[in-house]
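Being a predicted model, the structure only gives us computed values, none of them experimental. Throughout, numbering of the chain's residues begins at 1 and tracks the sequence.
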Amino acid sequence: MISQYNIHIKGLVQGVGFRPFVYRLATDMHLHGYVDNRNDGVFVMIQATPSQKDDFVKGLTTHKPDVAEIETVTVLEKPVSKPLPDFFIAPSREVDNHITRISPDIAVCDECLQDLISQPHRIRYPFINCTHCGPRFSIINALPYDRPGTTMSVFRMCPECEAEYTDVRDRRFHAQPIACNHCGPHYHLFMKNGYETVDYEEILSRMAAVLRQGGVVALKGLGGFNLICNAENEKAICRLREIKKRYKKPFAVMFPDVPTLSHYLNILPLEKEIVSSWRRPIVLLEEKQKIGTGINDGYKTVGAMLPYLPVHYHLFASSELKALVMTSGNRGDNPILTDNDAALSDLLREVDLFVEHNRDISNRVDDSIVQVVGEQPRIIRRSRGFTPEPLSLKFDTEGILALGAERVSMFALGKDKEIILSQYIGDLKNRETYLFYREALDKFCLLFRFTPRYLVCDAHPDYFSTQLALQLAQRFQIPLLRVQHHHAHAAAVMAEYGLTEDVIAVCLDGTGYGDDGCIWGGEIFRCNQSEYRRIAHLPYVPLPGGDAAAKSPWRMAVSYLKSIYGSKADYPETFIERLGESHIRQIEMLIEKGVNTPLTSSTGRLFDAVASLLGICDENTYQAEAAALLEQIAENGISRCYPINSDNPLDLRSLFDGILKDYRLSVPVSEIASVFHNTLSAMLLNIIIQKVKTERLTTVVLSGGVFQNKRLTNLLIKQLANRKISYYLSSRIPCNDGAIAVGQLYIAALKKRG
C-alpha cells in the first residue's frame with residue numbers, strides 16, 4: 001500500500017549537491033514526490049510503499065555526496081493527500097527560525113579541473129565550480145543557501161549556465177556560484193606604473209614572470225588576499241618578510257602536487273590524505289631537504305599545502321616553479337585583507353603585481369592548519385575548509401553566546417543542540433582584529449538567525465572579549481557568566497567527545513587568569529562540565545615585568561633561577577655575555593622588591609626560560625617562538641631524563657640542576673632540549689598517575705596551547721596508553737585558546753540547563 005512519507009534531513013546537506021542527488025535517487029526508484037531546501041535542512045516527500053521508503057532512506061546515507069554529512073533523518077508517515085505524477089525539485093522555503101548547516105569552502109574538484117580543458121565556455125576559467133566544490137561560507141550572506149543570498153547575486157547567468165543550473169541531471173544543477181567565461185567574476189591586474197588588464201592569460205603570464213624573477217605578487221583568493229613569492233628564492237622571501245613586517249615566523253609553502261611535495265618533505269599516508277582532502281589545509285610536515293633559506297629557519301617542519309583554486313594550478317603550470325610561499329595578505333598582526341580598494345591602497349606600492357577579482361568576500365577566512373599527533377589529525381588553526389561546521393551536543397544550547405579568549409580569539413554561538421564556532425580571528429589587542437571580531441560576530445548572528453539570551457566570557461577582567469561581554473549584557477539585559485580560562489580549556493575537550501563524567505584535566509598554556517589573581521598555565525584539575533577543583537600545578541615563579549616577560553624569555557630564565565637558587569643563582573657565562581650583568585641584576589631586583597612581578601605557574605613561561613638558558617631564543621618576536629624553537633631543535637633518539645621528585649613530581653629543581661649541569665659540560669643543546677621534553681613528559685605522567693589514583697578517576701583530558709608541541713604530546717600520550725589510562729586530546733577544534741569559546745558555551749549550557 002502506498003503512503004506519503006515526509007522526510008526531514010538535517011546536517012551538511014545544502015551547497016553540496018544534495019537535492020540533485022535526492023532527485024536522481026527518487027527518479028531511479030520511480031518514486032513520486034518532491035524535495036526542497038529549507039532553512040533547517042532538506043525536506044523530501046515521497047509517495048511509496050513501506051519497502052520503497054526503507055530502500056530510499058537507506059540510499060540517502062549509503063550513496064550521499066562525499067562532502068555531505070547527514071546528522072538526522074526523521075520520517076513521518078501520512079495518508080496520501082493528493083497523488084503526484086512525478087518527482088520534482090520544489091523552490092526553497094523558510095519555515096521557522098531554525099537553520100541548516102552551511103558548507104565550508106571546498107577545493108576545486110577533479111571533474112572541474114577536467115572541465116577547464118574540455119568545456120568550451122569554461123576553458124581556463126578560474127572561477128569554475130560545481131555542486132561538489134567551490135566557494136561556500138566565504139560568499140554566503142543569508143540562508144537558505146541560494147544564489148540571491150550569496151555574493152554571486154550580482155552576476156547574471158548566461159543562457160548556457162542557466163541551462164546547466166536548471167538541468168537536474170547536470171553536475172551544476174543549483175550550484176549557486178555557477179559561472180563561466182561569459183557571465184562570471186574575473187581577475188583584474190594592476191601595476192605600479194598604472195598598467196591594467198583583465199586578460200586572464202596575460203595576468204597569468206605576468207604573475208609567472210614576476211615570480212620567476214624573484215618578485216612578490218598580491219593575489220585575491222577565496223577568503224582574502226595572499227602574498228606570493230618563489231619559495232626557492234632567498235631575496236624574494238626576505239622582501240616578503242619586509243612587506244609583512246614578519247621577520248622570523250615560518251611561512252607556509254604551496255606545492256603543485258603530492259610528488260613534488262614529497263621531494264622536499266616526509267609525508268605519511270594520513271598526512272597525505274589530509275593535505276589532499278577537499279578541505280586543503282596547511283599540514284605541518286617534516287622537512288626532508290631544504291626548500292629555501294628564510295622560509296622556516298630554526299625549524300625541522302614546514303607548513304605545506306596543495307592548490308585549492310584553479311588559479312593556483314594555472315600559476316604553477318605557467319611559472320614551472322616547484323614551490324610558492326603563500327601567506328596572508330596583511331601587515332603585522334592585522335587581519336587578512338578582503339576589500340579590493342583597501343588592499344589596492346595598502347599593497348600595490350609594496351608588491352610587483354596586484355591581482356584582484358570582482359567577487360566580494362562576505363566572510364574572510366585564513367588557511368587552516370593541521371598536524372598529525374598520536375596518529376590523529378589535530379587542528380591548530382580552524383578556518384577555511386572547516387568553518388562553520390558545528391559540534392553537536394545532546395542538549396540545548398540555543399541563545400548562548402561565548403566570547404572566547406583574547407590572544408587567539410574565536411567566538412561561538414549556541415543554536416539548537418549545536419555549538420557553531422567562528423573562524424580564526426586573532427589577537428583582540430590589535431584594533432583591526434577587534435573590528436574584524438565585531439564584524440564577524442554581527443554576520444554570524446544575522447546568518448544563523450541568532451539573538452543572544454545568555455552570555456559567557458573569560459574570567460580575566462581586562463580581556464577585550466570580557467569588556468564586550470559586559471557591554472552586551474547591559475545592552476540586551478541578559479545574564480553573563482564568567483568562566484575560568486583552564487576550566488574552559490578542559491570543557492572544550494569534553495564537549496568535543498561528549499564526556500560527562502569527572503575527569504583529570506591537564507591544562508598547559510602560556511597564560512590564564514587564576515582564581516587567586518595569579519597567572520595560571522600549568523594546571524591539573526579534577527573537573528566536570530560545571531565544576532572544577534585545582535589539585536596540582538607547576539610551582540609559582542615571579543613574572544618580572546608582567547606581560548613584558550612573555551615577550552622576553554630571558555626574564556623568565558632569571559626568574560626561575562632566582563626562585564630556585566636564590567642568591568646562589570649561577571647563570572651560564574654565555575647567558576651573562578648575551579644579556580649583560582646589569583640587565584640580569586635589574587630583573588633580580590624587581591623580583592626581590594616584588595615590583596610588577598605577578599606570580600605565574602605557566603608552562604609556556606617554563607619553555608621560555610629553558611630556551612633562553614640554552615641560547616636558543618631570548619626575545620619572542622611572535623607568539624610561542626621560544627617554545628617552538630626549543631621543540632624544533634630537540635634531537636631524536638634520546639631517551640634519558642633528569643631525576644624526578646617522586647613525592648612532588650612537579651618540583652622543578654632537579655630539572656634545572658640537570659639542564660645547567662649538562663650545559664656546563666658542553667652537552668649539545670639539541671640533546672638537552674630532548675632531555676627536557678622527556679623529563680617534562682615524565683613529570684606530567686607521574687602527577688597524572690598519582691591523581692588518577694587519589695581521585696579515583698580513569699579519564700584524562702589534555703588541553704592548552706602547549707599540546708601543540710608534537711614531541712611532548714606524543715611522548716605523554718604514548719606513556720598514558722602504555723599504562724591503559726584513557727586520554728582525550730582535541731581533534732576537530734584547536735587545543736589552544738581557539739577552543740576557549742567552545743568550553744565556555746558547554747559550561748554555560750549545562751548551568752543554564754539545570
Less than 4.0 angstrom from a charged side-chain N to a carboxylate O is my criterion; do [X] and [Y] meet it?
X	Y	value
K10	D416	no
D105	R136	no
E389	R279	yes

Euclidean distance, D427 CG relative to F464 CZ, rounded to 0.5 Å
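Answer for the CZ-CG pair, F464 versus D427, is 9.0 Å.
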Calculate, to the nearest 0.5 Å, the distance between atoms CD and CD1 belonging to Q708 and I379 respectively.
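If I round to the nearest 0.5 Å, the distance is 12.0 Å.
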Does a donor on one side chain sit under 3.5 Å from an acceptor on the other, for [X] and [Y]?
X	Y	answer
N736	D509	no
H188	N340	no
S703	H489	yes

Please determine if R384 forms a cation-pi arrangement with Y308, meaning its NZ or CZ atom is less than 6.0 Å from the six-membered ring centre and no more than 45° off the ring axis.
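Yes.
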Determine, for F127 and R359, whether the Lys NZ or Arg CZ falls below 6.0 Å from the six-membered ring centre while staying within 45 degrees of the axis.
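No, cation not above the ring by the 6.0 Å, 45° rule.
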Going by side-chain contact (heavy atoms from CB on, under 4.5 Å), name the residues that satisfy it together with [X], two or more places apart in sequence or in a different chain.
X	result
P148	D146
V57	I7, K53, V73, V75
D396	E398

Considering all heavy atoms of both residues, which atom of [X] and which atom of [Y] are nearest to each other, and what is their separation?
X	Y	value
P310	I128	CG-CG2, 3.7 Å
C112	R172	SG-NH2, 3.4 Å
P388	I102	CD-O, 3.5 Å
W278	V67	CZ2-CG1, 3.9 Å
L227	A218	CD2-CB, 3.8 Å
P377	I274	CB-CD1, 3.5 Å

Pair D462-Y513, side chain to side chain contact (heavy atoms under 4.5 Å, CB included): steps then yes or no
CA-CA 10 Å; D462 297 328; Y513 189 75; over 6 Å; no
Can you establish whether the number of heavy atoms outside [X] located under 6.0 Å from its atom [atom1] is more than 12?
X	atom1	value
K551	NZ	no
N6	CG	yes
D515	CG	yes

Check whether any side-chain heavy atom of [X] sits under 4.5 Å from a side-chain heavy atom of [Y], and report yes or no.
X	Y	value
H487	I747	yes
R19	T131	no
R171	P20	no

Taking the ring centre of each residue, are H357 and Y187 less than 6.0 Å apart?
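Centroid separation for H357 and Y187: below 6.0 Å.
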